[in-house]
Amino acid sequence: MTKELSKDTRNNIVDLHQAGKPESAMGKQLGLKKSTVGAIIRKWKTYKTTDNLPRSGAPCKISPRGVKIITRTASKNPRTTRGDLVNDLLTENV
């Protein structure tokens, strides 16, 4: 999971972009990757905002570790039942 940038940082990126500074220079100045800077600029050009937009879908019910356990169990034995997978998760305390 990635950490979201502060609103000040995102606004700073937009200000530097409007001043004509290249993405790579902005990234070096702010300690960010060029792709991160580019993503924020694209979002600003599309939506005219740097706010966090609502995300689609419901939050995950299973942790990333639980998903790995299920995937590993199902790949070892493809005929594993749903009940067996649930029991594996409960015994692992995920």
Residues forming a salt bridge (Lys or Arg N to Asp or Glu O under 4.0 Å) with D8, sequence neighbours excluded: none
T91 versus D88, closest heavy-atom pair with distance: OG1-O, 2.9 Å
Nearest heavy atoms of N77 and T80, plus distance in Å: O-OG1, 2.5 Å
Point-to-point distance, once rounded to the nearest 0.5 Å, from OG1 of T50 to CG of N11: 4.0 Å
Spacing of CG belonging to L85 relative to CD1 belonging to I69, to within rounding of 0.5 Å: 10.5 Å
Qualifying residues under salt bridge (Lys or Arg N to Asp or Glu O under 4.0 Å), relative to R55, sequence neighbours excluded: E4
Residue pairs, two or more places apart or on separate chains, that pass side-chain hydrogen bond (donor to acceptor under 3.5 Å, both in side chains) and touch residues 33-43: none
Q29 side chain reached by M26 side chain, heavy atoms, under 4.5 Å: no
I41 CD1 to K45 NZ distance, which is reported to the nearest 0.5 Å: 7.0 Å
Neighbour count above 12 (heavy atom, 6.0 Å) for K48 NZ: yes
Under 3.5 Å donor-acceptor, R10 side chain and L5 backbone: yes
Between CD1 on residue I70 and CZ on residue R82, distance to nearest 0.5 Å: 11.0 Å
Heavy-atom side-chain contact between L30 and L16 under 4.5 Å: yes
Distance, nearest 0.5 Å, that separates CD1 of I13 from CG of L32: 5.0 Å
Inter-residue atom distance D84.CG - L89.CG, 0.5 Å rounding: 11.5 Å
Non-hydrogen side-chain atoms of L53 and Y47 separated by less than 4.5 Å: yes
Atom NZ of K7 with >12 non-hydrogen neighbours under 6.0 angstrom: yes
Greater than 12 external heavy atoms within 6.0 Å of K21's NZ: yes
